[in-house]
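Chain A is the first sequence line, chain B the second, and so forth, proteins listed ahead of strands; every chain is numbered from 1. The structure presented is a predicted model; accordingly, all values stated were derived computationally and were not measured.
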Amino acid sequence: MPTITLSSSQPFSLDQTLGCGQVFRWDHAENGWWTGVVGNHIIRIRQDGSRIAYEGAPEKFIRHYFSFDHDLESILDSIDHDPFIHAAIDQCRGLRLIRQPKWECLVSYICSTNSNIPTIRRRIATIAGQYGREIRLNNITGYSFPEPFDLACSPDGLDGCKLGYRCDYVYKTAGIITDRKKWEKSITAMPYEAARKELMTLPGVGPKAADCILLFAFEKHESFPVDVWIRRIMQQNYLKSMNTTAPLTHREYETIRGFAREHFGEYCGYAQEYLFGARTG
DNA sequence: ATCCAGGAAAACG
DNA sequence: CGTTTTCATGGA
């Protein structure tokens, strides 16, 4: 079993990183082992202090996926601007923003709207099981995430995946992306705001989903997704004069993400994920 | 049962 | 333009 030894100056927590809710395809097994599908790999991975044991993918792939190249110590210093975020950093230290497969991340966050995390996980697993390709690692079986074409050309239009009203969004977006071979490079090359507008032209992708996709798959670390949890946290601790009961309007979304970008700086997406990871309730 | 969840789009005024 | 309603599913 290959291992990676982490430098003591670069904090990493496998549990925080995979358990914080940014990704939906990892399962916590026995003895600290995690199992997940990433691209065409089934990966098994476990952390013991600074030692990472893994199988199922090359070391380079693991290092890239978990963003071991991020200077996390410096990033956390750069967002540590008040006691509240400081406590969240203490609680979730070692959480890293991972580099998710882009198409899967796009579909995942279309499926995430107005749903809780266990429900989202089941939807993604069902889509993969139904339309993905079977892959194996020793005695473990998993399913790769289907390509845009596979979903766009599914005879049943993703019926039976229990996506509710999101089913049509995924199906239509799959059709659009199938015809746009260079969409990943195109979005990657755009600055954050332009990429955001472009993603929001896709059916089922609004401000929040676009921000999640940009943060979790396109390395746009200035993105600050505002969901019901983050909204509550920001209003209770930073923007106390805002109305907390009415539905979130576009203008309030803009106020919150604008404040966060200003307050936490260019890595406010990291701040967002630490606040989300430390949420209670 | 009732309310809520990593919301978005259509309808409305 | 900004606000309200509707949408389908499952957790708690």
Side-chain angles (χ1 to χ4, degrees), chain A residues 16-26 88 92 95-98 100 102 104-127 129-130 156-177 196-218 220-237 242-258 260 268-281:
Chain A
Q16 291 291 344
T17 299
L18 293 180
C20 71
Q22 64 179 316
V23 67
F24 304 109
R25 289 261 270 163
W26 286 90
C92 301
L95 191 169
R96 285 172 184 266
L97 290 173
I98 62 183
Q100 297 187 28
K102 296 172 173 62
E104 177 178 332
C105 187
L106 168 56
V107 175
S108 296
Y109 282 92
I110 290 176
C111 291
S112 77
T113 65
N114 205 24
S115 308
N116 54 34
I117 290 176
T119 302
I120 302 164
R121 291 173 55 86
R122 185 172 29 261
R123 287 184 187 139
I124 304 307
T126 303
I127 293 173
Q130 201 113 12
D156 49 3
L158 290 96
D159 226 24
C161 289
K162 306 279 195 143
L163 305 184
Y165 59 85
R166 306 155 196 85
C167 183
D168 208 36
Y169 298 153
V170 174
Y171 186 70
K172 284 180 178 166
T173 293
I176 294 168
I177 295 298
R196 190 172 189 264
K197 280 181 188 160
E198 183 64 28
L199 279 179
M200 285 172 61
T201 65
L202 296 170
V205 181
K208 190 272 177 181
D211 280 333
C212 283
I213 296 158
L214 291 169
L215 183 60
F216 300 140
F218 287 92
K220 308 295 189 193
H221 297 135
E222 68 268 50
S223 172
F224 192 88
V226 181
D227 59 40
V228 295
W229 298 101
I230 289 296
R231 178 202 190 190
R232 203 171 295 148
I233 289 166
M234 293 302 288
Q235 290 181 342
Q236 286 175 358
N237 300 283
M242 289 181 79
N243 183 358
T244 55
T245 54
L248 180 65
T249 64
H250 287 143
R251 199 160 40 181
E252 286 172 319
Y253 193 110
E254 290 305 296
T255 300
I256 293 171
R257 83 174 173 112
C268 63
Y270 256 102
Q272 193 272 5
E273 207 51 19
Y274 273 75
L275 293 173
F276 187 82
R279 75 193 181 280
T280 54

Which nucleotide, B:dA8, C:dT9, B:dA5, lies nearest any side-chain atom of A:Pro207? B:dA8
OP1, OP2 of C:dG11 versus side-chain N and O of A:Arg122: anything below 4.0 Å? yes
Would you indicate what A:Glu273 reaches in the nucleic acid, counting non-hydrogen atoms under 4.0 angstrom: base, sugar-phosphate, or nothing? base
How would you label the contact of A:Val226 with the nucleic acid (heavy atoms, under 4.0 Å): base, sugar-phosphate, or nothing? nothing
Would you indicate which nucleotide in C:dG11, B:dA8, C:dA8 comes nearest to any side-chain atom of A:Thr113? B:dA8
Note: A:Asp168-A:Lys172 ion pair, threshold 4.0 Å (strictly below): yes
Looking at A:Cys268, is its backbone amide N or carbonyl O close enough to the side chain of A:Glu222 to form a donor-acceptor pair, meaning the two atoms are under 3.5 Å apart? no
Looking across every strand, which nucleic acid part, if any, lies under 4.0 Å from A:Tyr253 by heavy atom: base, sugar-phosphate, or nothing? nothing
Under 3.5 Å donor-acceptor pair, A:Asn114 side-chain atoms to C:dA8 base atoms: yes
Rounded off to whole Å, could you give me the NZ-to-P distance for the A:Lys208 and B:dA9 pair? 13 Å
Specify the separation, in whole Å, of atom CE of A:Met200 and atom C1' of B:dG7. 11 Å
Tell me whether the NZ or CZ atom of A:Lys208 lies within the 45° cone about the ring axis of A:Tyr253 and under 6.0 Å from its centre. no
C:dA8, OP1 or OP2 - any side-chain N/O from A:Lys162 closer than 4.0 Å? no
Between the main-chain N or O of A:Phe276 and the side-chain N or O of A:Arg279, is there a donor-acceptor pair closer than 3.5 Å? yes
I want to check one thing: is the phosphate of B:dA9, taken as OP1 and OP2, less than 4.0 Å away from some side-chain N or O of A:Arg166? no
Separation of atom CZ in A:Phe276 from atom P in B:dA5, rounded to whole Å: 11 Å
Could you tell me whether A:Gly21 contacts a base, only the sugar-phosphate backbone, or nothing, with contacts defined as non-hydrogen atoms closer than 4.0 Å? base
Between A:Thr126 (side chain) and A:Arg122 (backbone), is there a donor-acceptor pair under 3.5 Å? yes
Expressed in angstrom and rounded to an integer, what is the separation of A:Asp168 atom CG from C:dT6 atom C1'? 15 Å
Does a side-chain N-to-carboxylate-O contact under 4.0 Å join A:Glu273 and A:Arg96? no
Spacing between A:Glu254 atom CD and C:dG2 atom P, to the nearest angstrom: 11 Å
Can you identify which nucleotide, out of C:dT3, B:dA5, B:dG7, has its nearest atom closest to the A:Asp227 side chain? B:dG7
What is the nucleic acid contact for A:Ala209, judged by heavy atoms within less than 4.0 Å: base, sugar-phosphate only, or nothing? sugar-phosphate
Answer yes or no on whether A:Arg166 is positioned over the face of A:Tyr169, meaning its NZ or CZ is under 6.0 Å from the six-membered ring centre and within 45° of the axis. no
Quick one: does A:Tyr165 reach the base of B:dG7 with a side-chain donor-acceptor pair under 3.5 Å? yes
Which sits closer to the 5' end of DNA chain B, A:Cys212 or A:Val205, going by the nucleotide each is nearest to? A:Cys212
Let me know, please, whether A:Leu163 or A:Leu248 comes out on the 5' side of the other along DNA chain C by nearest nucleotide. A:Leu248
Heavy atoms under 4.0 Å, any strand shown: does A:Ser115 hit a base, just sugar-phosphate, or nothing? base
Work out how far the P atom of C:dA12 is from that of B:dG7, and round it to whole angstrom. 16 Å
Find the distance A:Leu202:CG to B:dA9:C1' and express it as a whole number of Å. 14 Å
What is the distance, rounded to the nearest whole Å, between atom OH of A:Tyr169 and atom P of C:dC7? 11 Å
Heavy atoms from C-beta onward define the side chain here; which of B:dA5, C:dT3, C:dG10 lies closest to that of A:Arg232? B:dA5
Expressed as a whole number of angstroms, how long is the span from A:Lys172:NZ to C:dC7:C1'? 13 Å
When you compare B:dA11 with C:dA8, how far apart are their P atoms, in angstrom units rounded to a whole number? 14 Å
Taking for each residue the nucleotide of DNA chain C bearing the nearest heavy atom, is the 5' side occupied by A:Arg123 or by A:Pro247? A:Pro247
